[in-house]
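Working notes for the structure below.
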Amino acid sequence: MAMTDQAPRFVNRADQKLWFERIPAPWWALAVVLLFLPVVANNFWLFQVMGWTFILGMIGLSLMFLAGYGGMVSLLQMSIAGMAGYMVAILGNSGTVTVSLGLAWWIVLPAAFLIAALFATISGALAVRTEGIYTIMITLAIAAAFFYFTRQNYTIFNGYSGFNLVLPPQLFGVNWRDPVPFYYLSLALAALSYGAVVYVSRSPFGLALQGVRDNPRRMAALGFNVTAHRVAAYALASVFASAGGILLVWQNAQIAPGTIGMSAAIDVLVVAVVGGMRRPLGPFIGAFIYVILQVFSPDILGFFGFSADRFKLIIGLGFLAIVLFSPDGVLGLWDRWRARRRQQQDQKTGGGVA
Amino acid sequence: MNAPVTPPRPVALGQSHVSAGNALELRGITKMFGALAAISDVTLSVRPGERRAVLGSNGAGKTTLFNCITGDFLPTAGLIRFFGEDVTLFPPHERIRRGLRRTYQISSLFAGLSVIDNVYLACRGVSRNRFSLIRPRRDDALVHAAETLVEAVHLTAEKDRLVGELAYGQQRQLEIALALSGAPRFILFDEPAAGLSPTERRDLVSILTTLPSHIGYIIIEHDMDVALRVVESVTMMHNGRIFKEGRPEEIEDDPEVQELYLGGGHE
Ligand SMILES: Nc1ncnc2c1ncn2[C@@H]1O[C@H](COP(=O)(O)OP(=O)(O)OP(=O)(O)O)[C@@H](O)[C@H]1O
Ligand SMILES: [Mg+2]
């Protein structure tokens with residue numbers, strides 16, 4: 001390949017550290033907390049709160065990859081996740097034996113990823129010729145079309161009722177729907193997706209995608225096929241959304257048109273925006289906030305005598321506040337807070353920033 | 001390298017008197033913006049390795065001509081051949097991959113990326129594995145090529161800074177580095193000296209005069225001191241048309257040119 005086998009020409013000291021030495025301490029702390037959470041947390045936290053956070057985070061991550069690196073805001077990511085989830089139900093086993101094909105898991109899972117990637121690629125090819133608000137509109141239109149299709153089509157998608165009793169395969173004799181195995185499974189897939197996005201962001205493809213975001217015309221004038229790069233980004237992003245979608249069917253043990261409805265599509269956008277779209281960590285933070293609000297606001301609202309389904313109001317208000325005060329999400333707030341603190345410390349010690 | 005014989009290939013507009021030796025050949029290029037003809041019926045040929053200036057007052061259509069050559073705009077009429085190949089309808093990236101390069105009059109860079117990443121992208125764009133998901137190693141040939149280019153435009157000290165934070169002159173230098181990536185055969189420079197300090201201008205002239213001799217270019221430049229020192233031929237444009245071609249000293253002394261262009265009150 002393009003790699004040469006000569007000795008490194010530009011060795012600079014900072015890069016001589018091994019890869020794990022470059023990971024900052026807070027990340028180690030987070031890793032330890034997440035790994036040992038099952039020791040202290042109950043099943044509800046592991047399965048509902050954290051499992052759902054990882055799933056939503058992964059679907060949000062696929063949007064972050066498109067929007068943060070590629071400048072393409074897609075409302076389609078929940079549909080892609082749903083397509084993968086539906087495929088697991090349709091090709092594999094479910095309670096709807098008249099439709100489900102009952103194929104082996106090692107056919108079902110790759111096929112689900114592939115079909116979702118195909119769906120993403122075709123939709124992407126339609127969407128990438130538009131910019132800004134038009135991308136949002138066209139992806140929303142495709143998402144709506146897919147939603148209504150699943151609701152009306154009974155031969156493949158089993159219409160309104162969808163599929164229930166969709167269970168993960170009993171690999172290695174483990175019931176992956178038990179809270180602790182499911183927690184570790186979703187944690188592992190979320191970590192893998194996060195790592196993949198971080199890694200790819202510095203690869204030729206990832207850099208080129210950021211170039212397309214900053215200045216598509218110049219990218220073409222450097223020899224890049226801008227349209228092909230955008231479509232490929234949809235295909236790659238589908239992998240993270242699909243992984244989230246498959247976990248989602250397993251977690252709920254069912255999938256129905258409601259899973260991929262318009263409000264779910266918009267929730268993914270909310271999650272990514274609230275957390276921050278500039279970095280892959282953002283969607284996971286957004287997902288955690290969203291899930292916590294969703295899970296606990298009924299109690300709080302009930303305490304003040306409001307109906308529990310008002311929680312969307314709280315989320316909506318939070319979304320509005322974030323968009324108004326910190327367009328780059330909670331992570332952006334955090335960055336600014338740290339920058340300000342550093343500045344204040346510099347002033348105290350007299351070592352001002354030039 | 002520049003093989004004088006081109007393989008026979010279908011020509012879109014039907015003309016067949018191929019003058020294969022030319023690096024760039026324009027025939028009857030016209031570009032309309034609504035009712036405005038930004039350039040009309042421009043015919044021009046440039047030999048491989050030839051260095052030419054295009055001069056003309058503001059709005060003469062120089063930049064529009066570049067945009068047609070690179071494919072940023074499709075011409076309303078006319079034919080463009082690049083090293084014998086009809087590229088009139090090619091998308092920009094296909095022309096760039098064949099060895100065409102350009103700089104922009106208004107810097108057109110990637111503000112959110114570092115200097116080295118900007119140049120690395122330029123090198124990657126004209127090589128293989130553009131879609132690679134594998135990070136380049138430190139000893140990757142393209143990383144090395146990018147570092148060499150950054151050094152050539154004196155930006156090594158700024159290599160890890162975000163391009164959005166660079167001074168104006170440094171951004172202009174970076175524009176040039178992007179155009180030198182890979183193996184260029186022909187480069188279009190759109191006012192590369194505009195806004196540069198005297199030192200930076202000297203650097204620019206030395207970059208241009210030390211380019212390998214097989215690389216030809218067209219330079220648009222208002223500064224006669226720069227323009228006439230780095231070219232062997234000059235094309236004068238006015239109101240979208242070519243009205244004079246010649247050697248630099250002929251053009252400099254031409255009374256019509258002096259009246260139209262030097263007296264044209266540009267800038
Ligand atoms: N994208 C565009 N849409 C409409 N009109 C345009 C466009 N680009 C250029 N023009 C018009 O075409 C004419 C030629 O413009 P062009 O930029 O090619 O001139 P120029 O010779 O490069 O001038 P300058 O020396 O100011 O850079 C001008 O009248 C300009 O207003
Ligand atoms: Mg111009």
Side-chain angles (χ1 to χ4, degrees), chain A residues 1-16 19 65 68-71 195-233 235-237 239 277-279 328 354, chain B residues 66-67 70-72 91-104 107-114 116-145 147-148 156 159-160 163-164 175 178-179 181-182 188:
Chain A
M1 297 220 320
M3 308 286 181
T4 55
D5 286 317
Q6 291 142 313
R9 272 169 278 226
F10 304 94
V11 183
N12 88 46
R13 279 120 267 110
D15 293 331
Q16 266 176 342
W19 65 270
F65 184 76
Y69 293 138
V197 169
V198 170
Y199 180 84
V200 165
S201 71
R202 300 290 308 158
S203 72
F205 177 72
L207 276 179
L209 195 59
Q210 294 165 70
V212 167
R213 171 198 66 199
D214 283 358
N215 194 342
R217 184 174 168 202
R218 184 57 187 249
M219 283 303 277
L222 293 179
F224 289 92
N225 183 341
V226 169
T227 307
H229 269 269
R230 286 180 168 154
V231 175
L236 187 61
V239 177
M277 288 238 228
R278 309 218 113 249
R279 271 186 285 158
D328 41 2
Chain B
F66 274 17
N67 283 331
T70 53
D72 285 50
H93 64 266
E94 290 292 350
R95 309 180 193 211
I96 301 303
R97 290 176 193 179
R98 282 164 173 73
L100 184 65
R101 301 284 186 276
R102 80 171 289 182
T103 70
Y104 285 83
S107 292
S108 178
L109 304 163
F110 307 102
L113 298 178
S114 68
I116 186 75
D117 286 348
N118 270 256
V119 183
Y120 177 77
L121 273 182
C123 295
R124 179 56 74 179
V126 288
S127 71
R128 290 166 45 194
N129 300 326
R130 291 178 203 91
F131 288 86
S132 169
L133 297 176
I134 311 294
R135 284 188 183 188
R137 295 194 327 202
R138 198 154 307 284
D139 54 342
D140 183 296
L142 285 190
V143 174
H144 181 58
E147 306 214 358
T148 311
T156 303
K159 125 180 139 78
D160 293 318
V163 164
E175 265 289 329
L178 296 195
S181 63
L188 308 172

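Sequence lines set the chain letters: A, B, ... in the order given, protein chains first and strands last, and positions in each chain run from 1. Note that this is a predicted model, so its numbers are computed, not measured.
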Handout entry: Which of B:Pro92, B:Ser108, B:Ala111 touches chain A most, by non-hydrogen pairs under 4.5 Å
Key = B:Ser108

Exercise for the section: Report the distance from atom NE2 of B:His93 to atom OG1 of A:Thr227, rounding to the nearest 0.5 Å. Expected result: 8.0 Å

Handout entry: Short side-chain to backbone donor-acceptor contact, B:Tyr104 and B:Glu175, under 3.5 Å
Key = no

Handout entry: chain B contact via A:Ala196 - which portion, at a heavy-atom distance below 4.5 Å
Key = neither

Fill in the blank from the handout: Sorted by chain and residue number, the ring-ring contact (aromatic ring centres under 6.0 Å, His included) partners of A:Tyr69 (sequence neighbours excluded) come out as A:Phe65

Exercise for the section: Not counting sequence neighbours, which residues clear ring-ring contact (aromatic ring centres under 6.0 Å, His included) with A:Phe224? List them please. Expected result: A:His229

Practice task
Let me know if A:Leu236 has heavy atoms under 4.5 Å from chain B in its side chain, its backbone, both or neither.
Solution key: side chain

Fill in the blank from the handout: Okay, A:Ala221 and chain B: the region with an atom under 4.5 Å from a heavy atom over there is both

Handout entry: Main-chain N/O of B:Arg128 paired to B:Arg124 side chain as donor or acceptor, under 3.5 Å
Key = yes

Fill in the blank from the handout: Residue from B:Leu100, B:Leu109, B:Thr70, B:Asp72 scoring the most non-hydrogen pairs under 4.5 Å with chain A is B:Asp72

